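The structure appears below as structure tokens.
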Number of protein chains: 2
Amino acid sequence: MANPSANSDPVTLEDVARRVGVSARTVRRALDGGRVAAWDCTARREEAIRRAAEELGYVYRPNAAARTMTTGRFNSVSLLMSTRAGQGLLIQEMLDGICDELEEWNLHLSLIRLPDRQLTDADSLPKVFREGMTDGLLIDYFNEIPAGMEAAMNSLDIPTVWINSQHPADCAYFADAGAARRAVEEMIKAGHRRILYADFSNPAGQTPRHYTGTERRRGYEQAMTAAGLKPLILQENVPHLNRVAFARDWLCQHRQSLPTAAFCYHISSAISLREGARDAGLRLPDDLQVACFADRIPDLAYAEIPAMVNPWHDLGRAAARLLLAKIAAPGTHPAPVILPFTWVNADRLRPPANARKAARPAHATL
Amino acid sequence: MANPSANSDPVTLEDVARRVGVSARTVRRALDGGRVAAWDCTARREEAIRRAAEELGYVYRPNAAARTMTTGRFNSVSLLMSTRAGQGLLIQEMLDGICDELEEWNLHLSLIRLPDRQLTDADSLPKVFREGMTDGLLIDYFNEIPAGMEAAMNSLDIPTVWINSQHPADCAYFADAGAARRAVEEMIKAGHRRILYADFSNPAGQTPRHYTGTERRRGYEQAMTAAGLKPLILQENVPHLNRVAFARDWLCQHRQSLPTAAFCYHISSAISLREGARDAGLRLPDDLQVACFADRIPDLAYAEIPAMVNPWHDLGRAAARLLLAKIAAPGTHPAPVILPFTWVNADRLRPPANARKAARPAHATL
DNA sequence: ATGAAAGCGCTAACAA
DNA sequence: TTGTTAGCGCTTTCAT
């Protein structure tokens with residue numbers, strides 16, 4: 001096997017053309033457009049071409065490199081990430097969503113990781129993408145976006161879409177505030193009045209790294225205020241290994257007027273809170289009904305609680321679709337796509353224990 | 001901007017050559033090989049070439065498509081997955097590892113998802129990879145590998161490496177049995193005698209979907225047997241929402257001789273077990289010391305317990321390195337690479353409560 | 001409607 | 001050592 005190429009089967013248009021006795025151009029057209037006209041003779045020839053192509057194993061898989069050379073299109077888009085860890089998220093469901101959408105357009109997906117220095121350098125970027133052979137960029141970078149990166153991306157003449165990040169246009173992200181409000185409304189509807197908001201990931205004073213830190217809390221506050229309830233917020237960036245103790249201590253200190261429910265920034269906060277609550281002697285869910293945000297349904301295996309789950313698959317699809325639209329119509333700037341969450345395990349949402357106790361006799365009379 | 005191409009800056013070798021007044025081939029060589037000889041005149045010209053290239057913004061980023069056309073190499077490898085969900089795993093750390101290794105060789109990473117039907121069809125695969133423009137395949141498919149897929153992959157004349165899957169050669173996976181044995185040995189060393197193995201993901205009777213289901217249990221059994229202890233196994237595929245109750249009930253039924261510790265197949269089993277234990281009235285970790293396997297360090301935020309963590313980054317790197325070796329030396333079949341786990345939160349591993357009680361007076365006398 | 005020819009940017013092979 | 005030539009497989013343009 002002297003051929004170093006990956007294809008053991010380099011059937012070219014030319015090969016097919018020779019076999020049938022027509023030009024490559026004709027083969028291309030036959031394979032491409034389908035029929036040519038009602039001209040009987042043509043139709044038959046076309047049939048012959050198609051058959052020959054199939055026999056030789058051509059089946060419309062043109063050499064992508066050759067095609068790129070003439071068209072200037074790569075038929076591929078890239079997911080752009082930072083080499084710095086934690087700046088973006090790579091969720092399997094999201095990639096599935098992206099791939100699902102791209103597949104329908106016969107586009108490939110590549111992964112590109114660049115150091116922050118490069119991501120903010122408008123001069124070197126085009127060269128990277130020339131080598132990277134990509135028609136568009138899905139930007140998976142939403143934490144602490146470096147100064148200059150947005151400008152550098154906008155100066156590119158290749159279409160870009162931001163994933164999970166709020167921008168004036170060209171982006172897709174989640175409707176966190178609305179989801180938080182909805183969840184807390186459900187808890188209120190279930191009869192809870194003292195509802196805690198717990199976030200052990202984001203520091204108290206400063207702006208959170210990601211918009212979710214602000215939005216989720218805001219949604220909680222909206223729901224509480226709208227219902228005439230007083231927000232009760234426990235927000236602090238606590239190291240993982242201290243969270244359970246932190247939660248336990250807080251609950252012990254507030255033993256006089258404990259919340260009957262808590263809505264958490266993330267399931268990791270929820271788990272810690274639940275463990276801390278149990279250590280503080282509370283019974284779950286009787287004494288404390290916990291709900292939270294969660295990235296994925298499987299994560300909920302960690303705790304059987306009501307949760308707002310990120311529709312990552314939808315996000316991937318939406319972002320890819322946005323990018324395809326921009327590729328098809330260069331220069332346009334579609335409005336942001338904002339995706340609603342999925343509310344799961346709703347049946348695990350129970351009223352507060354005292355309300356249940358009060359209600360029980362009524363049921364007993366049935 | 002009439003140019004539909006992604007590069008706004010199509011500087012070619014030719015352009016550089018014209019500027020300096022040499023041939024494209026010479027430019028290529030100057031940029032490529034560095035110096036030519038001690039011939040003074042040449043050295044100067046070379047310098048000029050390099051400067052011209054830089055001024056024009058060429059900086060050794062040749063048009064990848066053109067290069068592919070002549071060399072037959074794509075300078076890209078692909079991560080191959082099934083469109084069927086759950087057959088492979090896409091862990092961010094693993095992708096980072098792959099990218100880190102590929103970067104050093106200036107190779108790109110593409111994602112390819114194919115339906116099982118295609119993955120088992122040795123005829124259509126080469127065409128796919130011809131279009132996909134890939135020099136090698138990292139196969140991320142380890143659950144219920146379809147019959148014929150292994151043969152189809154082997155029949156490809158493009159190098160392949162299996163990720164997280166046991167094969168005679170050309171694969172990288174984790175040393176699960178050894179890790180389980182090691183963890184249980186540590187628990188025994190800490191003084192535990194009745195150690196439970198809990199797995200709520202894999203069914204009791206049949207062979208687990210993935211090798212870890214077998215290997216982890218085997219490692220546990222080895223450690224127990226070697227220490228003269230009797231294995232105590234609780235293995236059953238329980239739906240997520242029933243796991244806590246399942247664990248609680250089991251513990252209640254075995255109240256007479258409860259284990260003092262448990263080693264779990266996965267952190268999700270561990271969490272459920274802990275919740276169940278608390279519901280059964282046990283105090284943690286005094287009454288039950290739980291340890292487990294975990295995919296990622298952040299997952300351990302869910303429970304502050306000792307764990308064997310998969311070195312996903314290492315796996316990605318190892319698999320990529322293996323693939324690069326195969327690309328460099330086609331036809332070779334390197335032996336499997338087996339990666340050791342990381343043992344974390346070891347300081348959370350406590351002796352059984354009665355041992356602690358017995359030990360306490362001794363400490364008090366200090 | 002079809003064929004012929006040019007050329008995309010690069011590198012391999014050869015000639016000088 | 002350097003320059004020239006040819007050609008990768010495809011699409012586009014132009015002539016038929």
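All values derive from a computational prediction rather than experimental measurement. Lettering follows sequence order; numbering is per chain, from 1.
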Q | Residues Glu104(A), Arg321(A): salt bridge by 4.0 Å N-O rule | A |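 Result for this pair is no, no salt bridge flagged.
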(Q) Looking at Asp96(B) and Arg113(A), is any side-chain nitrogen of the basic one under 4.0 Å from a carboxylate oxygen of the acidic one? (A) yes
Q. Between dC10(D), dG9(C), dT11(D), which nucleotide has the shortest distance from any of its atoms to the side chain of Thr70(B)?
A.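 Shortest atom-to-atom distance from the side chain points to dG9(C).
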Q) Who are the side chain to side chain contact (heavy atoms under 4.5 Å, CB included) partners of Glu150(B), not counting sequence neighbours? A)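 Asn154(B), Trp162(B), His167(B), Pro168(B).
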Rounded to the nearest angstrom, tell me the gap between atom [atom1] in [X] and atom [atom2] in [N].
X	N	atom1	atom2	value
Arg73(A)	dT12(D)	CZ	P	11 Å
Asn75(A)	dT11(D)	CG	P	10 Å
Phe74(A)	dT11(D)	CZ	P	16 Å
Asn63(A)	dG9(C)	CG	P	17 Å
Met69(A)	dG7(C)	CE	P	13 Å

Q: Look at the side chain of Thr68(A) and the backbone N and O of Arg73(A), then say whether any donor-acceptor pair between them is shorter than 3.5 Å.
A: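 Such a contact is found between Thr68(A) side chain and Arg73(A) backbone.
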Q.
Quick one: does any side-chain atom of Asp170(B) pair with a main-chain N or O of Val161(B) as donor and acceptor, under 3.5 Å?
A.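 Not a single qualifying donor-acceptor pair exists.
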Q | Terminal axis angle for the helix from dA1(C)-dT16(D) to dA16(C)-dT1(D), five pairs an end, nearest 10 degrees | A | 40°
Q: For Tyr173(A), enumerate each residue passing the side-chain hydrogen bond (donor to acceptor under 3.5 Å, both in side chains) test, keeping only those at least two apart in sequence or located in another chain.
A: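 Residues passing side-chain hydrogen bond (donor to acceptor under 3.5 Å, both in side chains) with Tyr173(A): none at all.
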